[in-house]
Engineer: 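Got a structure for you, questions after.
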2 protein chains.
Amino acid sequence: MDDFDRKIIQFIQANGRAGYAEIGAAVGLSVSAVNERLKKLERQGAIRGWSALVDPAAAGCPVLAFVEVLIERPEHEPAFLALVRDEPAILECHHVTGDWSYLLKVRAADIVALEDLLARRIKTLPGVPRSRSVVVLSSAKDSPVLPVPVPPGA
Amino acid sequence: MDDFDRKIIQFIQANGRAGYAEIGAAVGLSVSAVNERLKKLERQGAIRGWSALVDPAAAGCPVLAFVEVLIERPEHEPAFLALVRDEPAILECHHVTGDWSYLLKVRAADIVALEDLLARRIKTLPGVPRSRSVVVLSSAKDSPVLPVPVPPGA
DNA sequence: TCTGAAAAGTCTCCTTC
DNA sequence: GAAGGAGACTTTTCAGA
C-alpha cells in the first residue's frame, strides 16, 4: 500500500465507474499499471466491492433511524446478529462502548415499517430488555467515502 | 420507477462495475434498455454516483465513532455545517430527534486523531456546549446498500 | 513493477419494431 | 418504450525493460 495505491483508492471512491485510463491520468500511472494494482487491491481485500450510490427516497426507503440496543447476556447475541445479517433494512450494526451494546443504522419505507422492525423483530428477541431510537429529520452528509489519511512517515 | 428500475438499482448496488449485458441478464432486459434506464436514473438523481467500497483498515482509518452534538441556537449551525462539509473524517451528519441536535459518523486514523477532531475542531465551535461520543469496538455490518422495498400496489 | 501495443470484449448510437 | 447491429471505446493480455 504505497502512495499510488492510496491515490487510486481515493479516486475510485469518488469515481467508481471510471475507466483505467481515467484513473491512470488522475494518479499518474499507465493503463496496465492501474489494472494490475486494482486487481491486487481486490485480491488483498482492500477493495471490498463496487456499488452504485442510490438516493434513499428514490429507492423507496426515506425513513432513517439510529437504534441503540441493549443485549443482556452474551448467549443472546447470536440470534440478534443473525437478524442483523438477514434484515436488509439494517444497514449497519456496530458493537459500541457506553451504555448500550449495539448501535444500528436502519432504513425503512415509512414509520410503520420502522415500528414493525423495532417492535416485532428486534424487541421480541430474548435478552433485549431495552432499546432507544433516534429518528433522522434530515441529512447534511451521508457518504460511504472514507478519508485516506497520509501515513506517519510522509 | 417501475419494477425493472428497482431490480436494476438493487443489482447495481451490489455489482457497481457490472457490464450492461450482465445487468440485463440479471433483470431481464437488453443491453440498450439497460443503458437507457441507467442514464435516466442518473439524470433523475436516483443514482447519485458510483463508488468503490474500501476496507477502512486498509485505507488507514480503522477508528470509527458516533458523535452526538448539541447546537445551542440556529445561528450557530452554518459554521458547524461548513465544518461537516469540509472535514472528510465526518462521513455522515444527521439532524435528529431527541436530546441532541446532530449525530455524526466519524472515521479517524487513531484515537489521537479522533480526539483532535472532537476537542480542537468541533467543541471549539461557538454554540456547541456539549457532545457525547460512542466509540465502535467492531462492526457486524457496515454497508451503504439500501433495501429496495416492494411498493404498496405489488 | 511499469510501459506500450495488439486482441478480446464492451458500450454507444442508430435503426427498426 | 424495447430489441438488434455497426462503429468507437475500454479492458485484458502479453512482450520487453
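The chains referred to below are lettered A, B, ... by the order of the sequence lines, with proteins before strands, and numbering in each begins at 1. As the structure is a prediction and not an experimental result, all values here were calculated from the model.
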Engineer: Just N and O in the side chain of B:Tyr20: are any of them under 4.0 Å from OP1 or OP2 of C:dT12?
Structural biologist: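 Checking C:dT12 against B:Tyr20, a side-chain N or O does come within under 4.0 Å of OP1 or OP2.
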Engineer: Can you tell me how far P of C:dT1 sits from CD1 of A:Ile8, to the nearest Å?
Structural biologist: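 The answer, rounded to whole Å, is 12 Å.
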Engineer: Strictly below 4.0 Å, N to O, side chains only: are A:Glu68 and A:Lys105 in salt-bridge contact?
Structural biologist: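 Answer for the salt bridge query: no.
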Engineer: Between A:Arg17 and A:Ala33, which has a closest nucleotide on DNA chain C that is more 5'?
Structural biologist: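 By nearest-heavy-atom nucleotide position, the 5'-most residue is A:Ala33.
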Engineer: Round to a whole Å and report the spacing from CD of A:Glu36 to P of D:dT12.
Structural biologist: 12 Å
Engineer: Given atom CD of A:Glu22 and atom P of D:dC9, what is their separation to the nearest angstrom?
Structural biologist: 15 Å
Engineer: Return the nearest nucleotide to the side chain of B:Arg37; candidates are D:dG1, D:dA3, D:dT12.
Structural biologist: D:dG1
Engineer: Are B:Arg107 and B:Asp142 ion-paired here, with the side-chain N under 4.0 Å from a carboxylate O?
Structural biologist: yes
Engineer: Starting at CG of B:Leu29 and ending at P of C:dC11, how long is that distance when rounded to a whole Å?
Structural biologist: 14 Å
Engineer: Rounded to whole Å, how long is the line connecting atom CD of A:Glu42 with atom P of D:dT11?
Structural biologist: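 Answer to the nearest Å: 13 Å.
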Engineer: Within the structure, does a side-chain N or O atom of B:Lys39 lie under 4.0 Å from either OP1 or OP2 of C:dT12?
Structural biologist: yes
Engineer: CG of B:Asn35 versus P of D:dA6: gap in Å, rounded?
Structural biologist: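 Taking CG of B:Asn35 and P of D:dA6, I get 18 Å after rounding.
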Engineer: In this structure, how many angstroms lie between the P atom of D:dG1 and the CG atom of B:Leu41, rounded?
Structural biologist: 12 Å
Engineer: Go through C:dT12, D:dT13, D:dT11 for me and flag the one nearest to the A:Ser32 side chain.
Structural biologist: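 When the side chain of A:Ser32 is considered, D:dT13 is the closest of C:dT12, D:dT13, D:dT11.
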Engineer: Mind calculating the distance between CG (B:Leu38) and P (C:dT12) to the nearest angstrom?
Structural biologist: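 One finds 9 Å between P of C:dT12 and CG of B:Leu38, rounded.
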Engineer: Shortest non-hydrogen contact from A:Val27 to A:Phe4?
Structural biologist: O-CE2, 3.4 Å
Engineer: What I want to find out is whether B:Glu92 reaches A:Lys141 closely enough, with some N-O distance under 4.0 Å, to be called a salt bridge.
Structural biologist: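 Between A:Lys141 and B:Glu92 there is no salt bridge, as every charged N stays at least 4.0 Å from the carboxylate O atoms.
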Engineer: What is the ring orientation for B:His94 with A:Phe66, classed by angle as parallel under 30°, tilted 30 to 60°, or perpendicular over 60°?
Structural biologist: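 The arrangement is tilted - the two ring planes meet at 30° to 60°.
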Engineer: For D:dA17 versus C:dA7, give the span between their C1' atoms, rounded off to a whole number of Å.
Structural biologist: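 It comes out at 22 Å once rounded to the nearest Å.
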